[in-house]
Amino acid sequence: MIRTVSTQAYPDQKPGTSGLRKKVRVFQQPHYAENFIQSVFDAIEGKTGATLVIGGDGRFLNREVIQVAIRMAAANGFGRVVVGRGGILSTPAASNMIRIREALGGLVLSASHNPGGPDEDFGIKYNIANGGPAPEKVTEAIYARTRDIAEYRTVDAPDIDLDAPGEVQVAGMAVEVVDPVADYADLMERLFDFAAIAQAVDGGFRMAFDAMSAVTGPYAHEILERRLGFPAGTVRNGTPLPDFGGHHPDPNLVHAAELYELMMGPDAPDFGAASDGDGDRNLVIGRGRFVTPSDSLAMLAANAHLAPGYASGLKGIARSMPTSAAADRVAAELGIPAYETPTGWKFFGNLLDAGMATICGEESAGTGSDHVREKDGLWAVLLWLNILAATGKSVDQIAREHWARFGRNYYARHDYEGVETERADALMAALRASLPSLPGRSFGPLTVEAADEFAYEDPTDGSVSRNQGSRVLFRGGSRVVFRLSGTGTSGATLRVYLERYEPAGGDLDRDTPDMLRDITAAAEEIAGIERHTGRTAPDVVT
Ligand code: G16
């Protein structure tokens, strides 16, 4: 019954910031997906009889790879596969499913916010038993296996009907097709005060949610419209499409421009939000007020106690290094620890498991908590809704009051996309080499206080991750961080993170580009972006 298929290793299957992400055409090479899935199975122990969760964001190739993965799971000894109906599971819902089904792990098929379709992107990520992305030691073992794989195991069995809920057998392994939404929606209902939000809706509170034709559509319809009573039409682009309707399912001001226009316009509803391809990112905009992801983390942390799930307070707050320090100020005031990790949600898992942190967030539009082990777009939206309902305040009011209390971290990220890899590497190498000489030097009105290459020692297991971005800290709390993205699929993306701290009582409601002008100029001078890349301006500013 089990068939062993000979294969040849591919040299390019190194998982990035979040799993293996490549063009669909790359995944369509013979045995490409099979090699990676077998390498995952070979790198993990305890498969015999275990449960595996499989689901994805519905993008092009999702269903095909799920069928492949089911057959391979049967051949590799799993006892049960739990798969979302239609092949759908948002990333946070997959994380929840792994936890509640006590699965060994899960395959999450997604390239997140990257576009989908035959010429676009696909991805496979392995999550471990805590529901979170595999830590580096696991992804390194997977990568090592991809380098010398010579065969994979599968069974001869027909495709299962992914749209028929219920249980079937595949070569002696049970496959359960489950409702992808219900368990997740129930979890949200336990964490948040749905009655208070529903009452606000009754009182005329209005919102717009853009699901970007991606995975959160069914979740948002169920939670926002059915359970909370927002009128039909609140959820826009709510049907997941294999190519996301040709759009880029990235909830930022560039790709969710329509929502932004609406929220800044005369007929803006009270609250606007969007989520990405796989449902783990969020964008939050109040009427006339955009909230940066870094600020959103800080404001959510400062007000989380208003939601029933967090009424007893937070144990700690964790953020990725390039995320602004706004959350640290909240942690200091709450008297709880603040952690600074490398970019990548996988670094939060140990802190959450150890009960050291409750809320985590990243500048890349990700926020979440210990309810699952992934960032969670709708969770962030619901916590905002809970806070707005409990306080009766607007987003703008919450933001202004927050800055008046903690000061404001003006923040922007400049992305230079599709840069030739060698040029980007040369820029980073030159920058790294220059770091020791920077302290004491001035760039316009700014003087460098410290400059280093960020390294992280995990406080729970002592593992060390080096080369996680170059940071230049200026006197007074401003800084610039440079790193190359680990999620792109063509060339290199240079990310430049700019931050300026303005203390309480200072200029708290100014234009961000104005406030960051000096730092932006210093970043160019320090890294020679134009000299190395030929680019005079970023492609995306978020
Ligand atoms: C992934 C990771 C995040 C990370 C983001 C950007 O998000 O899970 O932790 O912040 O990529 O990473 P990079 O700067 O390396 O491109 P997602 O939503 O793409 O899974």
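Every value quoted in this text rests on a predicted model; they were computed, and no experiment measured them.
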Can you tell which of Thr343, Asp415, Thr542 makes a side-chain hydrogen bond (donor to acceptor under 3.5 Å, both in side chains) with Arg495? Asp415
Taking it one step at a time, do Arg483 and Tyr497 satisfy side-chain hydrogen bond (donor to acceptor under 3.5 Å, both in side chains)? CA-CA 9 Å; Arg483 60 180 282 281; Tyr497 310 82; 2.9 Å; yes
OH on Tyr219 to CG on Asp376, rounded to 0.5 Å: 10.0 Å
When rounded to the nearest 0.5 angstrom, what distance separates NE2 in His371 from OH in Tyr184? 5.5 Å
Measure the shortest side-chain to side-chain distance between Tyr260 and Ile285 over non-hydrogen atoms and say whether it is less than 4.5 angstrom. yes
At their closest point, which heavy atom of Ser18 faces which heavy atom of Lys125, and how far apart are they? OG-CD, 3.3 Å
Considering all heavy atoms of both residues, which atom of Thr216 and which atom of Gly279 are nearest to each other, and what is their separation? CG2-CA, 3.5 Å
Listing request: all salt bridge (Lys or Arg N to Asp or Glu O under 4.0 Å) pairs with a residue in residues 163-172, at least two apart in sequence or in separate chains. Arg63-Asp163, Arg80-Glu167
With distance as the sole test, does Arg99 use its side chain to make a donor-acceptor pair with the main-chain N or O of Asn130 at under 3.5 Å? yes
May I ask you to test the Gln67-Ile160 pair for a side-chain heavy-atom distance under 4.5 Å? yes
Determine, for Arg319 against Glu340, whether the closest basic-nitrogen to carboxylate-oxygen distance falls under 4.0 angstrom. yes
Approximate separation, where rounding is to 0.5 Å, of Arg432 CZ and Asp425 CG: 8.5 Å
More than 12 foreign heavy atoms under 6.0 Å from OH of Tyr32: is that the case here? yes
At what distance, to the nearest 0.5 angstrom, does OG of Ser490 lie from CD of Glu420? 12.5 Å
Under-4.0 Å salt bridge between Asp119 and Lys23: no
Please check if atom CD in Glu258 has more than 12 non-hydrogen atoms from other residues, nucleotides or ligands closer than 6.0 Å. no
Residues Asp57 and Asn62: closest non-hydrogen pair is N-OD1, 4.1 Å
From the list Thr292, Val291, Thr367, side-chain contact (heavy atoms from CB on, under 4.5 Å) partner of Leu297 resolves to Thr367
Taking only Lys NZ, Arg NE, NH1 and NH2, and the carboxylate oxygens of Asp or Glu, determine whether Arg227 and Asp186 approach each other closer than 4.0 Å. yes
Thinking salt bridges, do Asp42 and Arg153 make one under a 4.0 Å N-O criterion? yes
Take Tyr310 and Ser369, measure what side-chain hydrogen bond (donor to acceptor under 3.5 Å, both in side chains) needs, and give me the verdict at the end. CA-CA 10 Å; Tyr310 306 92; Ser369 85; 2.6 Å; yes
Set out, in order, the CA-CA distance, both residues' side-chain angles and the distance that settles side-chain hydrogen bond (donor to acceptor under 3.5 Å, both in side chains) for Ser320 and Trp345, then state yes or no. CA-CA 8 Å; Ser320 67; Trp345 204 263; over 6 Å; no
Nearest heavy-atom pair of Asp280 and Ser112: which atoms, and what distance? OD1-OG, 4.1 Å
So with a 6.0 Å cut-off around NZ of Lys315, is the heavy-atom count from everything else above 12? no
Point-to-point distance, once rounded to the nearest 0.5 Å, from CG of Leu383 to CG of Leu385: 9.0 Å
Does anything in residues 347-367 form a salt bridge (Lys or Arg N to Asp or Glu O under 4.0 Å)? List the pairs, not counting sequence neighbours. Asp353-Arg373, Glu363-Arg413
Below 4.0 angstrom, N of the basic side chain to O of the carboxylate: do Asp210 and Arg236 qualify? no
I'd like to check His247 versus His255 (side-chain heavy atoms, cut-off strictly below 4.5 Å). Are they in contact? no
Under 3.5 Å: donor-acceptor pair, side chain of Glu225, backbone of Thr234: yes
Can you find a heavy atom in the side chain of Tyr152 that is under 4.5 Å from one in the side chain of Ile37? no
Between OG1 of Thr91 and CG of Asn127, what distance do you get to the nearest 0.5 Å? 7.5 Å
I want to check something: taking the side chain as every heavy atom from C-beta on, are Phe209 and Leu378 in contact at a cut-off of under 4.5 Å? yes
Is the distance between the ring centroids of Phe41 and Phe78 less than 6.0 Å? yes
Heavy-atom pair of closest approach, residues Ala424 and Leu484: CB-CD2, 3.9 Å
Sequence neighbours left out, what passes side chain to side chain contact (heavy atoms under 4.5 Å, CB included) with Ser463? Give chain and number order. Asp458, Asp461
Keeping the roles fixed (side chain from Asn76, backbone from Met72), state whether a donor-acceptor pair exists under 3.5 Å. yes
Measure from the side-chain N and O atoms of Asn114 to the backbone N and O of Phe122, and report whether any donor-acceptor pair falls under 3.5 Å. no
Do Ile142 and Arg145 make a side-chain contact, defined as non-hydrogen atoms from C-beta onward lying under 4.5 Å apart? no
Do Lys14's NZ or CZ and the ring of Tyr143 fall within the cation-pi criteria of under 6.0 Å and 45°? yes
Side chain Glu222, main chain Ala185, donor-acceptor under 3.5 Å: no
Ring-plane angle category for Phe192 and Trp379, please: parallel below 30°, perpendicular beyond 60°, tilted otherwise. tilted
Salt bridge check: are Asp121 and Arg59 linked by an N-O gap of less than 4.0 Å? no
Do Thr51 and Glu102 have side chains that approach each other closer than 4.5 Å (heavy atoms only, starting at C-beta)? no
Smallest separation among heavy atoms of Arg71 and Val155, with atom names: CD-O, 3.3 Å
